[in-house]
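Heads up, the thing below is written out as structure tokens.
For the numbers below, each heavy atom of this structure counts, side chains included, while hydrogens, waters and symmetry mates do not. Here the structure is a predicted model, which is why all the values come from computation and not from measurement.
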Amino acid sequence: EGYCFPDTYDFYIDEDPKIVAQKIYANFDSKITSGEYAKMDELGMTLDEVITLASIVQAEAANEDEMRMIAGIFHNRLINRAVFDKLQSDPTRIYAETVIHENSPIKNELMEDAYNTYVGQGLPPGAINNPGKAAIEAVLYPEESNYYYFVANVDTRVTYYAATYEEHLANIEKNQ
């Protein structure tokens with residue numbers, strides 16, 4: 001997960017899976033610029049960390065306009081781990097429950113917990129989807145704010161942001 005860049009690909013019938021994988025990864029690699037690698041270094045993040053966080057942003061954001069703010073909130077939480085040791089992202093919990101748990105031939109609670117950011121600390125060990133360019137750029141150039149919380153209304157596609165837990169609880173109530 002994470003490195004199959006969302007795009008249109010041309011393949012031949014019965015093409016060797018190794019060639020398919022090489023084409024997909026070559027396309028992904030062509031999308032990340034040297035400037036973006038430099039920004040990763042500036043942020044102190046690896047490519048894997050950027051892609052993992054971008055996958056969470058991709059899953060959380062109702063639209064591309066909100067991606068930078070949501071990425072900024074996750075950055076704020078990651079920077080302040082003493083207070084926010086868990087990212088608490090619903091899509092990671094859902095991924096752990098529906099993808100890892102449901103599809104693993106051998107149940108691995110440690111792996112499920114590592115991907116579930118309500119249980120595991122910091123970023124999960126890998127991406128939960130294949131983020132697009134907007135989500136990757138949002139992680140590299142997040143919106144700066146004093147927010148640590150957000151709640152999205154899936155029906156109205158409106159996202160409410162909060163700096164404090166009390167504000168967040170009020171937003172949850174307003175969202176219902």
Side-chain angles (χ1 to χ4, degrees), residues 1-96 99-100 111 114-118 120-150 152 157 159 161 163:
E1 300 260 21
Y3 294 91
C4 297
F5 194 82
D7 210 343
T8 301
Y9 296 87
D10 292 319
F11 300 110
Y12 297 103
I13 295 173
D14 297 324
E15 189 156 21
D16 182 342
K18 290 179 185 175
I19 300 299
V20 170
Q22 288 172 356
K23 284 182 180 180
I24 291 171
Y25 188 73
N27 185 47
F28 170 87
D29 196 43
S30 74
K31 304 294 184 191
I32 308 298
T33 67
S34 59
E36 289 167 333
Y37 279 110
K39 185 66 177 176
M40 288 176 213
D41 289 342
E42 182 183 317
L43 293 171
M45 296 180 77
T46 66
L47 176 61
D48 286 337
E49 290 169 333
V50 168
I51 297 305
T52 298
L53 185 53
S55 74
I56 297 169
V57 170
Q58 181 82 47
E60 287 278 14
N63 57 59
E64 288 185 8
D65 294 337
E66 295 179 342
M67 288 183 177
R68 290 185 65 227
M69 182 63 77
I70 290 171
I73 290 168
F74 284 128
H75 275 285
N76 288 348
R77 292 177 78 92
L78 287 167
I79 290 168
N80 294 292
R81 286 190 186 186
V83 178
F84 302 98
D85 65 332
K86 294 178 178 67
L87 290 181
Q88 298 181 324
S89 168
D90 289 342
T92 65
R93 179 187 48 77
I94 294 166
Y95 182 85
V99 176
I100 296 174
M111 181 64 76
Y115 273 89
N116 181 348
T117 59
Y118 281 91
Q121 296 182 340
L123 290 172
I128 61 168
N129 60 37
N130 294 296
K133 189 69 170 179
I136 294 168
E137 289 174 352
V139 169
L140 294 175
Y141 302 95
E143 186 76 28
E144 292 186 26
S145 75
N146 64 340
Y147 297 137
Y148 289 93
Y149 305 92
F150 66 95
R157 300 179 74 78
T159 303
Y161 304 103

Approximate separation, where rounding is to 0.5 Å, of Asn129 CG and Thr92 OG1 = 11.5 Å

Measure across Met111 and Pro125 and return the closest heavy-atom pair with its distance rounded to 0.1 Å.
-> SD-CG, 4.4 Å

Identify each donor-acceptor pair in which a side-chain atom of residues 53-62 lies under 3.5 Å from a protein atom, sequence neighbours left out, and give them as a table.
| from | atom 1 | to | atom 2 | distance (Å) |
| --- | --- | --- | --- | --- |
| Ser55 | OG | Thr52 | O | 2.6 |
| Ser55 | OG | Ile128 | N | 3.0 |
| Gln58 | OE1 | Gly132 | N | 2.9 |
| Glu60 | OE2 | Ser89 | OG | 2.8 |

OH (Tyr12) with more than 12 external heavy atoms under 6.0 Å = no

Around Glu1, counting heavy atoms of other residues, nucleotides and ligands shown, do more than 12 lie under 6.0 Å from its CD?
-> yes

Specify whether Tyr25 and Tyr3 have parallel, tilted or perpendicular ring planes, treating 30° as the upper limit for parallel and 60° as the lower limit for perpendicular.
-> tilted

Measure the CD1-CD distance between Ile13 and Glu15 for me, rounded to the nearest 0.5 Å.
-> 10.5 Å

Quick one: are the ring centres of Phe84 and Phe74 less than 6.0 Å apart?
-> no

Whether over 12 other heavy atoms sit under 6.0 Å from Gln88 CD | yes

Please confirm whether Arg77 makes a cation-pi placement over Tyr147, using NZ or CZ under 6.0 Å from the six-membered ring centre and within 45° of the ring normal.
-> no

Basic-acidic side-chain contact under 4.0 Å: Lys39, Glu36 | no

Kindly write out the residues that satisfy side-chain contact (heavy atoms from CB on, under 4.5 Å) with Lys31, not counting sequence neighbours, or none if the list is empty.
-> Phe5, Asp7, Asn27

